Number of protein chains: 2
Amino acid sequence: MRLRYIELFHAVLTTGSLTGAANLLNISQPAASKALQQAEQQLGFALFSRVRGRLLPTEQALLLRQRIEKIIQELNELQRLTANMSLTDSCPLRVTCTPALAQSLVPDAVTLLRKIFPGTSVELFTQHSAVMCESLLLHETDIGLTLQDTGRQNLCREPLCRGQVMVIAPPDWWSVAELKRPLPITALAGQPMIGIAVQDALGNMLQSHLAQLSPAPRTPVRVQTYQLAHSLVAQGEGLALVDPFTARRDGGKAVQMRPLDLRMDVVLYAIYRPDSPLNAVQKRFLGLVRQLAQRLLATV
Amino acid sequence: MRLRYIELFHAVLTTGSLTGAANLLNISQPAASKALQQAEQQLGFALFSRVRGRLLPTEQALLLRQRIEKIIQELNELQRLTANMSLTDSCPLRVTCTPALAQSLVPDAVTLLRKIFPGTSVELFTQHSAVMCESLLLHETDIGLTLQDTGRQNLCREPLCRGQVMVIAPPDWWSVAELKRPLPITALAGQPMIGIAVQDALGNMLQSHLAQLSPAPRTPVRVQTYQLAHSLVAQGEGLALVDPFTARRDGGKAVQMRPLDLRMDVVLYAIYRPDSPLNAVQKRFLGLVRQLAQRLLATV
DNA sequence: GCAGGGCCACAACCTTCAGTTATGCAAGTC
DNA sequence: GACTTGCATAACTGAAGGTTGTGGCCCTGC
């Protein structure tokens, strides 16, 4: 089965028509038509049945679908990888971080770095953890910064600093005296909370803790990022459990925060490929991030 | 990156030379040379450095290697699948089983089946479990018979019958009186044993039981299939733990056997694809296998 | 040191096939 | 019944991929 046929098959399935597929592949409709016929002839069975002038995938086609889509995806990844490899070393510092860290930590670190190395060019991305790993493996970026426990992948993981899970609340929720003390998790029972989407490892873990409370906290709203949670809390929608960086956003003015009394730290990790050792600029950058993070977490 | 280039890259890496690659792909050496240059030009970096007239993969090439080989493999699987799909329903009964079952159970069942359906054509394979799953998923065969606990794969698994793990020994190892009783596992301590290769799930499980004995049994010889173990035991090389079908090979003349006293059964499974329901012949075949197996296991 | 063989690159030429435009036909839509 | 949408066919074109022939480089063995 020629790659050409595979692409065409995929294009027809995604667009739903041969004409659409032809457009997707930037070829004319007759070219697509001919190619599809050749593919079917070579295979020995029909991929689509022509019913009332339309293409309808056959049973066999549906059996092939998953495999073909997997191959297409891997070819795309290969494409991305080779594209990035050809422009290797074009940029000394390519960093991706989660949205929570993109708020101030990473930009601040970049600013500091560019004072030390004025000429340096920098590329920044914000991505969620799964995409981040992919991006690193495909050489699109060189360093990832995340609060997630991104296991398994064959990537190096270096802890930069540790912090506490924080509870944030609308202004004037707690008294000044209370703010000093960690909040016992039981105090969250029955409270209105902003939930974090399931794909988040930390959020997931916290969620299972919360589920054991009785009455369980109400989480009518669920968001993907800690930043959204922060904003909603600031607007009085409820409490939220967030990382210590998000909690300190805006200098901690918009919301109140208290550490959660929990035997579990939030860890800021730097992740990178094991094969390519970090260069001097990258190492210095990580040093700055660590320094800034520690200083930030020291503030109340 | 064109598929053509991918194949060429792979061929060069496996054969070690451009000429070899050209032969592998059934093209002339200059064609391969030109294609490789085009590939490198399109990529923007060299895949091989020409040193002393030879091709030496560059660092980048090695980074691509794994991904490319994965794609090649998946393309091959797709090829196999489509090849099998085009000759669909050509044969009503295509069965694959492990070597232990190919000894007598499966051939006997086929003989019986062909008395019931005289005209039926049958295809038999013997494969180890991992390959068996692959073969089923690629529509090369329709039914697999195995004693392994082939989990995860999205294949149906139907237990046909249960038996006991058997200990086999050279003739006259045990007294006639002993033969009736199950052998306690502790009796194997310090005994010379024939081991089963690690990839076997059952063998693996037994191995971990044996390892806890003290003194642990000696397993100087390790074999891949139960049949080999049987032959070695018959030649007096030691004891072996085998499935109940292998134990009864040759009518149980060449070796002595005793059930092992163990809270774990050997299960004979039929596995098949969930999407394609079994036809009448296939169902009848499984019925025969079950019947034969139960009868066989009832004998001492 | 020189002949020979293995391996890669270049050149000139040829064939095939994927692409094009133009057109036809069937079926649904208003 | 006119119009639109979508697939198939026909005739043509160009580029890509193939061929053979040749030359240079390097190692090897006499």
Side-chain angles (χ1 to χ4, degrees), chain A residues 1-62 64-65 68 71-72 75 78-79 82, chain B residues 1-62 65 68 71-72 75 79 82:
Chain A
M1 192 153 179
R2 308 280 305 261
L3 176 57
R4 182 179 145 63
Y5 301 153
I6 294 181
E7 289 173 327
L8 178 58
F9 176 83
H10 179 244
V12 172
L13 278 182
T14 49
T15 64
S17 83
L18 218 167
T19 314
N23 288 332
L24 198 64
L25 300 178
N26 284 319
I27 59 175
S28 65
Q29 173 268 317
S33 175
K34 202 162 61 170
L36 183 57
Q37 289 171 56
Q38 287 170 347
E40 292 183 323
Q41 190 184 2
Q42 194 180 317
L43 286 176
F45 55 88
L47 288 170
F48 297 89
S49 48
R50 279 70 171 172
V51 51
R52 288 197 298 273
R54 304 291 161 112
L55 295 185
L56 209 69
T58 62
E59 205 178 313
Q60 286 100 331
L62 295 176
L64 295 179
R65 180 167 196 167
I68 290 206
I71 290 175
I72 294 272
L75 281 168
L78 183 66
Q79 213 77 272
T82 55
Chain B
M1 193 153 178
R2 308 284 306 260
L3 176 58
R4 187 182 144 63
Y5 301 153
I6 294 181
E7 289 173 327
L8 178 59
F9 176 82
H10 179 244
V12 172
L13 278 182
T14 48
T15 63
S17 83
L18 217 167
T19 314
N23 288 332
L24 198 64
L25 300 178
N26 284 317
I27 58 174
S28 65
Q29 173 268 317
S33 175
K34 201 162 61 170
L36 184 57
Q37 288 170 60
Q38 286 170 348
E40 291 183 324
Q41 191 184 1
Q42 195 179 318
L43 287 176
F45 55 87
L47 288 170
F48 297 90
S49 49
R50 279 69 171 171
V51 50
R52 286 197 300 272
R54 304 293 161 111
L55 295 186
L56 208 68
T58 63
E59 205 178 313
Q60 285 100 331
L62 295 176
R65 179 166 197 168
I68 290 207
I71 291 175
I72 293 273
L75 280 168
Q79 214 76 272
T82 55

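In what follows, chains are A, B, ... by sequence order, proteins preceding strands, each numbered from 1. What you are looking at is a predicted structure, and each value in this text was computed from that prediction instead of being measured.
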**Q.** dT9(D) OP1/OP2 closer than 4.0 Å to side-chain N/O of Ser33(A)
**A.** no
Q.
Measure CG/Leu36(A) against P/dC7(D) and give the value in whole Å, please.
A. 10 Å
(Q) Which residues pass the side chain to side chain donor-acceptor pair (under 3.5 Å) test with Arg65(A), not counting sequence neighbours? (A) Glu69(A)
Q: Determine, for nucleotides 11-19 of chain D in 5'-to-3' order, which nucleotides have protein heavy atoms under 4.0 Å from the base (write B), from only the sugar-phosphate (write S), or from neither (write -).
A: ------BBB
**Q.** All pairs passing salt bridge (Lys or Arg N to Asp or Glu O under 4.0 Å) where residues 38-48 of chain A contributes a residue, at least two apart
**A.** Glu40(A)-Arg50(A)
Q) Under the ring pair (Phe, Tyr, Trp, His ring centres under 6.0 Å) rule, what pairs show up with a residue in residues 19-51 of chain B, not counting sequence neighbours? A) Phe9(B)-Phe48(B)
Atom pairs, N/O to N/O, protein against nucleotides 27-30 of chain C, distance under 3.5 Å?
{"unit_1": "dG28(C)", "atom_1": "OP1", "unit_2": "Arg52(A)", "atom_2": "NE", "d": "2.7"}

Q: Just jot down the side chain to side chain donor-acceptor pair (under 3.5 Å) partners of Glu7(B), sequence neighbours excluded, or say none.
A: none
Q.
Taking ring pair (Phe, Tyr, Trp, His ring centres under 6.0 Å) as the cut-off, I'd like each qualifying pair that reaches into residues 10-42 of chain B, sequence neighbours left out, listed once.
A. none
Q: Kindly calculate the angle separating the two end axes of the helix from dG1(C)-dC30(D) to dC30(C)-dG1(D), each obtained from five base pairs, and round it to 10 degrees.
A: 30°
Q. Quick one: side-chain contact (heavy atoms from CB on, under 4.5 Å) partners of Leu62(B), sequence neighbours excluded?
A. Pro57(B)
Q.
Going by the rule side-chain contact (heavy atoms from CB on, under 4.5 Å), which residues pair with Gln38(B) if we only count those two or more places apart in sequence or in a different chain?
A. Tyr5(B), Lys34(B)
Less than 3.5 Å apart, which donor and acceptor atoms pair up between the side chains of residues 24-33 of chain A and the rest of the protein, not counting sequence neighbours?
{"unit_1": "Ser28(A)", "atom_1": "OG", "unit_2": "Ala31(A)", "atom_2": "N", "d": "3.4"}
{"unit_1": "Ser33(A)", "atom_1": "OG", "unit_2": "Gln37(A)", "atom_2": "NE2", "d": "3.2"}

Q: Apply side-chain contact (heavy atoms from CB on, under 4.5 Å) to Arg54(A) and list each qualifying residue two or more places apart in sequence or on a separate chain.
A: none
